[in-house]
Amino acid sequence: MQQKRGIMFEKLRAMISGATADYADVRYEIMRETRIAFHGRELFHIGSNATDGFVIRVLKNGGLSSIAFTRADDAETALHTAEENAALIARHINKPVEFAKTDIIQDTFLPDTDEDPRQVSIDEKLQLTRNYNSIPLKFEKIATTNIYYSEVVREKYFVSTEGAKIREDLLTTALGGLITSKDGTLSQNVRVALGGSNGFALLRNQEEEFEKRTAIALDLLHAAPVTGGTYNIVLNQDLAGVFTHEAFGHFSEADLIEDSTMRERMQTGAHLGNEALNIIDDPAMPGQLGFYCYDDEGVKARPVSLMKQGVLVGRLHSRRTAAAFGEGLTGHCVAEDYRYAPIVRMGNIFIEPSEKTLEGLLAMLGDGLYILDSKGGQTSGENFTFGAQYGYVIKEGKIRNMIRDINITGNLYHTLKNITAVGNDLVLSKTGGCGKGQLNIRSCHGAPHILINNVVVGGI
Amino acid sequence: MEQLLEMAGKVSDKAEIYSVDARGDSVSFENAHLKDIDSSIQSGVSLRIMKNGILGFAYTKNLANREGLIQNALDSLKGGVEGLFELPLTKNVPSLNTYDPSAETLSNSAMVEECSRVCEILSQKTKGQINISASRSTGSIRIINSSGTDLSWKSSAYYLSPHILYPYSSASLHRILKSKGFVKAADEYLNFLSETYDQSLKEVSPEGRNLKVLFLPETAYVLMWRLQTATSGLSIYQNISPLTQKIGEKIFDERLSIYSDPLNDTLPHARAFDDEGTPCSLFPIIEKGVLKNFYYDLYFALKLKTSPTGHGFKGSISSKPAPSLTHLCVAPGNKSFSELLKSIDHGIIIAGALGAHSGNIPNGDFSIGVAPALYVEKGAIAGHVKDVMVAGNIYDTLKKVAEIEDTVYPSHGGNFPAILFDNINVTLKK
């Protein structure tokens with residue numbers, strides 16, 4: 001194994017050894033994917049495949065460029081193209097790109113797993129997926145399911161002209177999908193999401209979760225659509241986590257604000273949020289979905305405090321943005337896979353828990369809405385929108401009737417100030433899918449329950 | 001590829017090989033300055049086999065190991081995915097002009113020059129931040145199968161996408177240019193962006209609840225996505241479409257005609273056959289408000305005992321074909337954009353949508369944040385509004401068409417005009 005690794009490092013080093021640039025790196029990845037998909041009772045897809053590819057990055061005279069390619073034979077052309085592109089950028093760029101200095105790492109990191117999914121047979125994976133899929137389908141008013149098993153194993157090699165040689169594996173498993181209920185022309189759907197980064201065991205014995213989600217899908221057929229308006233709301237952990245990721249987290253990514261007018265407002269030291277708010281991103285949390293040891297620039301991942309008592313205190317960086325902002329490296333420059341150059345991404349971002357119980361938050365809320373579980377979110381500068389899978393009307397602090405078709409929208413700065421209380425029950429997400437140009441299936445977010453005043457809720 | 005097909009044929013009853021080669025370069029400017037140039041050289045091969053009525057599938061990036069690819073496809077037979085459909089024998093498809101050699105020779109430096117030129121023009125006309133990306137791509141696809149089909153397709157594309165950003169936001173006014181080869185951005189096109197931006201720059205706080213709402217071509221996809229889901233063979237088979245029994249019924253305003261037009265080779269990526277080798281054709285979904293057709297790939301056509309319609313497309317080399325409306329169009333109406341504006345006394349223009357992917361899509365529901373939301377008063381753009389949500393259900397909204405623009409624009413998800421609706425549920429922050 002060690003010998004094979006050595007040969008690969010040598011092959012990659014040779015690919016960039018002809019570079020005339022100030023700096024070059026190459027990442028090679030073998031990606032092994034296993035997918036099983038059911039549409040209703042029917043098995044629609046099953047299979048395991050491996051693909052691979054390379055990404056070369058070049059920094060030359062202050063111009064940084066990258067190229068992705070799949071054939072080793074194209075390496076020379078690829079290096080030449082990247083160097084030409086870097087030189088072209090250098091001739092036009094406003095401010096030359098520099099890389100923040102980093103420790104030169106030579107290491108192999110293969111994460112510990114609780115049951116390596118590669119050792120579990122595909123027959124067993126199929127059986128487990130089939131069993132879970134059959135739980136909702138027992139009910140007459142469940143019209144269909146789209147339940148899948150997904151396993152992605154990325155075997156990564158990274159070599160730079162500075163001398164870095166890193167080998168790391170990332171294992172991601174997910175089992176979940178959509179349960180759709182239908183009554184007449186009304187259909188509703190609810191998501192199930194199990195998974196993580198540390199093995200197959202966490203997917204076992206999850207029947208109860210499928211039963212719970214099925215019951216919600218059926219209950220939604222009797223729920224009333226929410227009435228649009230401005231409300232005080234309590235968000236559950238999943239939705240509060242999506243808010244943290246979408247509305248706040250993206251603007252902690254230095255590359256997104258670097259050339260934007262938002263940079264003026266996102267200055268460290270700015271008092272942006274309610275003092276109840278403390279937000280951290282830590283990719284180095286073992287066992288969590290977003291865990292990794294080194295990012296795709298060979299920088300060791302470390303925890304970053306982003307907001308302390310409502311004050312902005314840090315942000316997430318690549319080597320380029322750390323130098324451009326004059327701030328410390330954080331190890332947050334990550335690529336989806338071998339088709340992409342790395343960009344600044346969140347790892348495990350979360351609101352730190354405080355003291356309130358859910359009952360305490362609902363009592364503080366009095367009259368308003370309690371909304372739960374994300375249906376996807378999106379941000380555009382200071383504006384964000386996300387959907388909820390279901391919710392309840394709250395009267396005098398008590399949970400009343402169920403509501404459906406809930407989307408909320410808001411302004412980041414107003415909303416950060418309007419988070420008036422934070423719960424004590426932190427939960428981190430088990431599956432991810434952030435689409436900032438590239439998909440990050442390990443994007444992990446979390447929060448305890450939170451109370452927000454004055455939120456726009458769109459009804460149908 | 002022929003060798004691979006022969007090898008696959010020996011271990012299966014039917015086999016199909018799909019291969020793709022693509023080269024692309026993209027240039028991006030932020031705040032009117034060159035930021036990135038990225039390139040990509042990608043290839044891939046996927047294999048479908050059928051044996052005893054069971055479907056196997058595998059893919060790879062490099063065809064270095066043919067035996068390994070075939071073994072992966074054979075292994076996937078064990079799961080028992082049904083594969084009873086016939087692979088088509090397709091010959092003599094219409095010849096389309098999908099390749100402009102100028103895309104091949106277009107240099108990154110020429111794209112940088114064009115972006116610089118556009119930045120300069122827009123910067124002179126407006127104070128908003130300018131972000132632009134330009135890209136060019138060339139690619140080829142080949143499909144061969146055991147029925148004797150051997151089809152090839154070569155394509156080229158050039159995109160330019162300027163954005164003018166609103167202050168302290170990444171909400172932007174934008175309109176994409178798409179062509180098969182390089183074309184200079186026309187003054188008229190740049191003027192539309194800068195003038196609309198300037199008119200909408202002031203932040204305003206109007207009131208109201210049920211307003212006229214104008215979806216720009218850039219946001220019409222929010223509505224079309226729901227229709228695409230409801231008319232897909234997959235949704236029909238799964239019985240989650242509200243349209244299952246409604247072929248022949250008038251479901252939308254009679255001015256709406258919506259169709260798939262894969263043969264239109266004035267735009268990039270026209271197709272004479274889909275990713276399974278089924279011939280493509282001009283295909284109506286909605287004709288004068290009446291639901292005409294659902295669309296299918298080979299798999300779901302057989303499941304529903306109907307004929308494939310040439311809509312089996314792959315999202316990537318690693319996915320199997322699935323029913324997709326990849327060349328969607330809405331027929332133009334008869335009002336110019338300025339006439340549309342003049343007919344709005346009090347309304348919102350949806351120039352950007354947030355959260356189009358959330359909500360109950362099969363049911364036709366949408367509930368989107370609007371950024372930017374332009375406010376129109378007495379026939380003219382009066383500013384932009386923050387914290388706006390627009391919600392509805394397409395089976396209600398698309399009955400409330402007020403006017404349709406007389407020009408269509410290539411946009412996200414298809415080729416669309418701006419569409420004006422009456423009496424739409426708008427939530428404005430108080």
Side-chain angles (χ1 to χ4, degrees), chain A residues 33 39-40 43-49 51-53 65-71 74 78 81-82 85 88-89 92-94 126 143-144 180 182 185 187-189 228-230 259-262 265 339 341 375-378 380-387 405 407 409-411 456 458-460, chain B residues 30-31 33-44 57-62 72 75-76 78-82 108-109 112 129 165 167-171 234 238-240 242 318 320 352 354-355 357-360 362-363 365 367-369 371 386-387 389-393 425 427 429-430:
Chain A
E33 291 175 283
H39 287 168
L43 179 68
F44 184 68
H45 183 92
I46 184 165
S48 295
N49 286 280
T51 53
D52 62 338
S65 187
S66 70
I67 183 161
F69 58 102
T70 45
R71 293 189 188 103
D74 286 332
T81 305
N85 289 344
L88 178 59
I89 294 176
H92 286 82
I93 202 161
N94 210 14
L126 174 62
T144 194
T180 303
K182 194 174 181 200
T185 55
S187 67
Q188 290 289 303
N189 54 57
T230 306
D259 295 312
S260 154
T261 45
M262 289 193 72
R265 292 196 183 173
R339 292 169 300 167
K375 232 178 189 177
Q378 199 178 356
S380 171
E382 62 194 292
N383 305 297
F384 65 84
T385 293
F386 47 83
D405 304 328
N407 273 269
T409 195
N411 172 287
V456 176
I460 291 175
Chain B
E30 279 186 22
N31 204 10
H33 288 98
L34 178 59
K35 177 96 177 192
D36 274 319
I37 303 177
D38 290 312
S39 300
S40 165
I41 310 169
Q42 300 282 312
S43 59
F57 176 68
Y59 56 89
T60 183
K61 282 280 170 179
N62 299 302
N72 281 345
D75 286 347
S76 76
K78 290 177 196 161
V81 177
E82 192 181 299
N108 289 342
S109 143
V112 167
Q129 177 175 330
L165 276 69
Y168 303 108
S169 167
S170 50
L234 168 64
Q238 291 200 308
N239 192 28
I240 55 167
S318 61
K320 285 191 287 197
L354 294 181
H357 58 302
S358 62
N360 192 341
N363 214 42
D365 298 339
S367 181
I368 49 169
K386 287 190 172 171
D387 297 338
M389 290 210 81
V390 169
N393 179 290
N425 179 349
T427 306
K429 191 162 186 169
K430 285 175 186 145

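What's counted below: heavy atoms across the whole structure, side chains too, no hydrogens, waters or symmetry copies.
- Considering all non-hydrogen atoms of both residues, Ser76(B) and Gly47(A) come closest at CB-CA, 3.9 Å.
- Residue Arg71(A) touches chain B through both its backbone and its side chain, counting heavy-atom pairs closer than 4.5 Å.
- Between Ser48(A) and Asn72(B), the closest heavy-atom pair is O-CG, 3.5 Å.
- For a residue to count as touching a neighbouring chain, one of its non-hydrogen atoms must lie under 4.5 Å from one of that chain's; by this rule Ile89(A) touches chain B with backbone and side chain alike.
- Scored by the ring-ring contact (aromatic ring centres under 6.0 Å, His included) test, Phe384(A) finds Phe243(A), Phe386(A) as partners (sequence neighbours excluded).
- Using a 4.5 Å cut-off between heavy atoms, Asn360(B) contacts chain A through both its backbone and its side chain.
- A 4.5 Å side-chain heavy-atom check between His92(A) and Val112(B) finds at least one atom pair inside the cut-off.
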For a side chain to side chain contact (heavy atoms under 4.5 Å, CB included) check, start with the C-alpha distance between Ile67(A) and Ile41(B), then their side-chain angles and the critical distance, and finish with the verdict. CA-CA 8 Å; Ile67(A) 183 161; Ile41(B) 310 169; 4.0 Å; yes

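- With respect to Asp387(B), the side chain to side chain contact (heavy atoms under 4.5 Å, CB included) criterion is satisfied by exactly one of Asn411(A), Thr230(A), Thr385(A): Asn411(A).
- There is a side-chain donor-acceptor pair under 3.5 Å between Ser39(B) and Asn85(A).
- With a 4.5 Å cut-off on non-hydrogen atoms, Gln238(B) touches chain A through its backbone and its side chain both.
- With a 4.5 Å cut-off on non-hydrogen atoms, Thr81(A) touches chain B through its side chain but not through its backbone.
- Side-chain contact check for Ile93(A) versus Leu34(B): every heavy-atom pair is 4.5 Å or farther apart.
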